[in-house]
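Worksheet: the structure to be examined is printed underneath.
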Amino acid sequence: MNYWLLKTEPEEWSWQHQSKNKKLPVAWDGVRNFQARNFLQKMNVGDLCFFYHTGSEKQIVGVVRVTKRAFPDKTDKTKKFVSIMVQFHSDLDHPVTLESIKKNKQLKDLLLLKQSRLSVMPIGLKCWKIINNMGKINA
DNA sequence: GCCAACGTTGGC
DNA sequence: GCCAACGTTGGC
């Protein structure tokens, strides 16, 4: 089991959309970056992903679970990129902000901080647990 | 294969 | 709105 972080602009696709129907898997598509794509291809069914809002929010607001491995992205005419399917897993009653992640020295090596433009990234188990604690969840 | 020019993302 | 960081494109 591996852990990840998925970024989205809430204006495009928000946690409100994602968590509206908790039993409905939704395609995570539109990724147009090869590094991000390579991470998508490594995801397995059951892996968990933090759901991060960029833009004016800049915080982790939920957790989703991968329900389908990578398949061709229907929105990509070049056929180079892939999608996965994700489904609601849990809410964060206490969103974990980018600011608080930056303040935690144990999280200083997160790709979220090192590569701000990357939209799909792995999260090590240790960091996953730390952020779970910060969000007061146990995903 | 290099690199200049340009485009995009996302934090500030 | 700006700009740093990164990615892509195309001329050579």
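Per chain, numbering begins at 1; letters A, B, ... match sequence-line order.
- Side-chain N or O atoms of A/K58 include none that pairs as donor or acceptor with a backbone N or O of A/E99 at under 3.5 Å.
- Between the P atom of B/dT8 and the CZ atom of A/F81 lies a distance of 14 Å, rounded to the nearest Å.
- In this structure, the side chain of A/D91 does not engage the main chain of A/D93 through any donor-acceptor pair within 3.5 Å.
- Counting to the nearest Å, the P atom of B/dG10 and the CD atom of A/E57 are 14 Å from each other.
- Between A/Q115 and C/dA5 there is no side-chain polar atom (N or O) within less than 4.0 angstrom of OP1 or OP2.
- Straight-line distance from the CG atom of A/L118 to the P atom of B/dT9: 13 Å, rounded to whole Å.
- The closest donor-acceptor contact from the side chain of A/Q87 to the backbone of A/K22 lies under 3.5 Å.
- When rounded to the nearest whole Å, the span between CG of A/L111 and C1' of B/dG11 equals 16 Å.
- Closest to the side chain of A/Q35, from the set C/dG7, C/dT8, B/dG10, is C/dG7.
- The phosphate of B/dG11 (OP1 or OP2) has a side-chain N or O of A/Y52 nearer than 4.0 angstrom.
- One interatomic measurement links the two molecules: CG of A/L6 to C1' of B/dG10, which rounds to 16 Å at whole-angstrom precision.
- Spacing between atom CG of A/L98 and atom P of B/dT9 amounts to 18 Å, rounded to whole angstrom units.
- In this structure, A/E11 atom CD and B/dG10 atom C1' are separated by 12 Å, rounded to whole Å.
- Taking 4.5 Å as the limit, every side-chain heavy atom of A/M121 sits out of range of all side-chain heavy atoms of A/L110.
- Atom P of nucleotide B/dT9 and atom CG of A/N33 are separated by 10 Å, given to the nearest angstrom.
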